[in-house]
Amino acid sequence: MRRLLRWWRGLYESPVLLTAFAVVLGLVVGMFVIIFTTTPVLDAWRSVLNSWGGPGHALKTTLDHVGAAYRAMFNGAIIDPSTLWHSLNTGQGWTQTLTPLSETLTYATPLTIASIGVGITFQTGLFNIGANGQAIIGGIIGVAIGSSLHLPTIILMPLTLLAGIAGGIITGAIPGLLKAFTGAHEVIVTLMFNYVANLSLIFALLSTPLQQPGQGNDISRTLRPGALLSPLFGTTSGLRVNWGLFIAAAIVVLAWWFLERSSLGFEFRVSGANPHAARVSGINPRKVTIYAFLISGGLAGLAGITQVAGTTHYIDGGFLVGSAGIGFTAITVSLLGRNRPIGIMWGALLFAALGVGGRAMQATTGIPLDLATIIQYAIVLFIATPVLVEEIFRMRARSAGGLQLASQGWNT
Amino acid sequence: MHKGDKACVSRRLGTWIGTASLVLGTMTVGLGATALSASASGQFKACVVTDTGGINDKSFNQSAYNGLLDAAKVDTSIVPSYLSSTSSADYAPNIQSFISQGCGIIVTVGFLMQNDTQAAATANPNQKFAIVDSNVTGSNVLSLNYMTNQGAFLGGYLAAASSKHGVVATYGGINITPVTIYMNGFVAGVRYYNKMNHKHVKVLGWTPAKGTCTLAKCDGKGTFVNSFTDQTAGKTITAADFAAKADVVFPVAGSVGLGSIAAAKQAGKGHSVLWVDSNGCLTDAADCKWLIGTVAKGVEPSVRDAVLAAAKGTFQGGTYLGTLKNQGTALEYGGIMVPASLKKAIAKITVGVSTGKISVNPNNYPAK
Amino acid sequence: MRVELRGITKRFGTFTANDQISLTVEPGQIHCLLGENGAGKSTLMNVLFGLLRPDEGQILIDGEPVTFANSGEAVRRGIGMVHQHFMLVPVFSVAENVVLGFEPTKSFNRLDRLRARESIHEASQRFGLEVDPDAIVEELPVGIQQRVEILKALNHDAQLLILDEPTAVLTPQEIDALIGIMRSLKDAGKSILFISHKLREVREVSDVITVIRQGRVVGTAEPTDSETQLASLMVGRDVSLTVTKEAHEAGASRLEIRDLVVRDDRGVAVVDGVSLDVRAGEIVALAGVQGNGQTELVEALAGVRPVESGTITLDGRDITNATPREILDAGLGHVPEDRQRDGLVLSMSVADNLVLNTPRATPYARRGSRRRSEVRRNAEERIRDFDIRTESPEAPVSSLSGGNQQKVILARELSRPLKVLVAAQPTRGLDVGSIEYVHRQIVETRNAGQGVVIISSELDEVLALGDRVAVMHHGKIMGVVAPSTSRETIGLLMAGVVLEEVAGA
């Protein structure tokens, strides 16, 4: 066990390598899923012994299908080389060429913000499982402001975002305060508040003036034009990537500064790495807990309103519900990014690319989008289960002088 | 680690890198080649974008996709394809993705897709669309709507006539028009039964507001689980209804209704469920003996017809309104025996509603 | 029984804990394994007891090679081990604990209590291990609990007894009693492997001394060798064991503790009416066996444990139940007992740990933003001044040795403006060289006119450092005496005898 632990620590110091291995393994897992769920491939393998050419045919069929699927994913998530070539030669069709990249960035935008919020609580040794609920409330409050006030863009836009942040802060503050003053476990409270948020969403959409006038459906008013995060290349460009991208980028930089350079961030990290030493060193655990939840909730709320203002411009009954719950995905992405802002940014981009590419794959090859989800979580599994990765790759420990992990209980 | 591991490391690593490059290699080798299922000549691509419920929601997403499959059985040149959405942010790119793939017709599902479908239809006047449960303008769009209160009216009559205790119940997923219009018709059917037969069958779970119920607005107060998936909540509500002497329950909440069937099983014989949307005896044959019937919504046939028309070149935009008359909604019987006399009475009422002689507005009948 | 270890090597990854260690324990011999913390003593004993498998080398019992897959096999071959932390069931009686795992039974698997008691009685008689078989273990003093452990091993017919740091938790009187027991065991033909780093005991009881350092046997010594010789062998260089401490005039009172009552986590009043004064320029050493309330007293002083009643005054300012931040700012320096748990963040850099409790102070931060150049400059200075051995200021503090980790804490505390320094177990687990250094720093702090409180379970340290020695027992101060007081008197105080009675005796 000790050897594995040290190896894991070693690789943990090289997250890029670890993630790269995990991505490759995730794609291999996806390959097997394709083999076992695609009828022509299965048929080819069934008849592998029927003729001399059977094995070759089966292998070719497999590689054709797997290749087509992953090629579609790549082309749909990043760039399609053939349309790029076409655009470069003719100067035409740039919208189509850039759409995949634009989509990936569009999806990564709110995900990055929410994941950084979750990552900050993780770094503080707290668990915010309620980011999704905080994002939903952020979205509701943000839409309430952004769809009702008649103000110039320069005021309405920031006001809408601030309203979203405020919604998240309020929702995050309750578990924070309960944890700080009563010791109520934040995992339970934040988890439960997701249900509160889901029901608040239905209530807001059906029984308040937020519901679109003249509607019996669970859909909200649309944000006023001044409250929108407009597409970077204009509304007519067809590319959805919007100014939210800059908000996300700013959050990455700010969060990095906060954790690495600010006094409060230092206190957060000390509390997360060793709560006993933090207390002895005069860091007030209550203050840290409350601030961590305010910041995390605020970022979740910002993620919620960024999603609305950047893409849909209204909310409906399916807003961040189920598999669209970026607040839940954020927990995974944060893990993927080792709770560090820069790592989280890459993690969010990877998740967004797999999601967007998965849709393209479904559209062109008919392989369900769920394959992308399988690959996403296989990657996370491989990162969270380093022992398995080690067993597969049999890598030698890179460094013996182990970094002390914040997590405890490895030796037991 | 033991001696010799180093060699082993590089060997294993080599194997895996080999495998990985094989995969990545195939991704690049075939660049520029046509995608496997890209449309070849003579084929007609029919595409559906589902909402967040996905392709197996046992509700209108599934029905719409089944409509495509049905059309493909009739006309073999039709190639069905679908894209599921995980959130409302996916609608626009999914529609766009199908447009660029050259789909002959794109079917979208649900009111929540109205905005994005409208935008795409306006921007692409040559692209044919059909949208279920919504209204989009344009000559290239067919809006499919269903007066399910007519079918539910028959269901209400059947339920009231079958009730031993004189109490029936309904509940909905969320308080939105496509749901409440069912519940409203159900209540109307019960009231009509009471009026015609001088009975006092009570309805739990829905009290219609004043005025007429339309596809755009159908208000009232009632019981909702606030979910289309929470079967436990469905079971709880139904058990409470049974405790209040109800013996027929009409859940209008997708798969939540399975919870009602579970509650009926627990309560035992004499308790039954009136299913919704698509025939429960076909989608869930094992539980057919607990179903008194299904208030069906004709999404599947109407989507099929729209796709076939588009493939044939006879597609026309506009509005389709499903009624009892064109079988856009209907009452289908389940696994519980219904007396022939009652079936005969319901057949007569069907004609009455179709011809407009019998109103399906509950406010036209006395509430008891 | 003759036990021989031949060329034992045990590695953990790249770290070699035991390197070709050979030693022989003759029948009826008390063999001492002397070495500093981390020298590899415990690893070697775990190998011998079957808890670890050696990578190389073999174990021979009476000339016959044996391998142990687990400790049960070692026990069957006549090896018994008394761990530092006792493996007893607190709510069971002595007899039940002793026979646990090898219960004598009557028909229907009923425990034969009579036979269990008889076997204890017999062992007590033979080896002078007086214990009441019916006493409940948790109600017994630590010294007696240790006897139960020894009895347990003997009951399994141990011929070789391994005692791992047996004196760490004992009062001086209990240590004397233990030595008596060890001698009678020896007379009965049992062999004993005695592990310790305390030179006094080692010389008193051993027949043969094997010294190990950094996993290697560096030599054998005779009990007649001087302590300085043993220490030099153990550390690998010449060391001075005495603290040079010039006389110093104590000034005004700096820390006043009055009738302090503090409860532990279970709600027991473990500090029960303590009053104590510490003056500027004096070291008050708090002696006492571990677990008599010293830990909780320090926690209360540092503000991390609530005070139930009584007051703490620091330089005229009431700091009773103040927050740790307020207390740190008021000028209380705190070297925590468990330095890795309470004093350091192991994953963080040396530089960050050096400002752990002053991250917002000038010049380390300005307007909420940390000034890393200042933090680094401070670290470089401290590393130089306090001779902290580290690769760089940015190296994680976990990469430092225990002694250097302690230096990080001392450097941090002593470079703040202090009124009183409270150091709990400041040299626990440190090598002799580091101990010298820490002692010198503490004396210099006192010479600079600050009040110092030292909590230590090492009587030698208490007597060497303290200007006054306060002895704690069961949450009370039994007496405050001069460091010249005899060890015997202090031992009686540690055992709970009231000062007047000691004086009268």
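What you see below is based on every heavy atom in this structure, not just the backbone, and it leaves out hydrogens, waters and symmetry mates. Everything numeric here is computed off the predicted structure, so don't read it as measured data.
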_Heavy-atom pair count under 4.5 Å with chain A, highest-scoring of C:Arg412, C:Arg325, C:Arg341_ =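 With the most close heavy-atom pairs to chain A, the winner is C:Arg341.
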*Give the member of C:Asn357, C:Ile327, C:Asp342, C:Asp338 that has the highest number of heavy-atom pairs under 4.5 Å with chain A.*
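Option with the greatest count: C:Asp342.
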Check whether [X] gets within reach of chain A through its side chain, its backbone, both or neither, counting any heavy atom under 4.5 Å.
| X | result |
| --- | --- |
| C:Arg372 | side chain |
| C:Thr323 | neither |
| C:Glu326 | neither |

*Please name the pair of heavy atoms, one in A:Phe266 and one in C:Val355, separated by the smallest distance, quoted to 0.1 Å.*
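In terms of heavy atoms, the two residues are closest at CE2-O, 4.3 Å.
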*Specify the closest pair of heavy atoms between C:Leu344 and A:Asn274, including all atoms of both residues, with the distance to one decimal.*
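Closest heavy-atom pair between C:Leu344 and A:Asn274: O-ND2, 2.8 Å.
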_Does anything in residues 359-368 of chain C reach chain A? List residues with heavy atoms under 4.5 Å apart, or say none._
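At a heavy-atom separation under 4.5 Å, chain A is reached by C:Pro359, C:Arg360, C:Ala365, C:Gly368.
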Would the number of heavy atoms belonging to other residues, nucleotides or ligands and lying under 6.0 Å from [atom1] of [X] be above 12?
| X | atom1 | result |
| --- | --- | --- |
| C:Arg216 | CZ | no |
| C:Glu56 | CD | yes |
| C:Gln214 | CD | no |

*Of the listed residues (A:Gly265, A:Pro275, A:Ser263), which shares the most heavy-atom pairs with chain C below a 4.5 Å separation?*
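Heavy-atom pairs under 4.5 Å are most numerous for A:Ser263.
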*If you check every heavy atom in residues 276-286 of chain A against those of chain C, which residues fall under 4.5 Å?*
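Within residues 276-286 of chain A, the residues that come under 4.5 Å of chain C (heavy atoms only) are A:His276, A:Ala277, A:Arg279, A:Val280, A:Ser281, A:Gly282.
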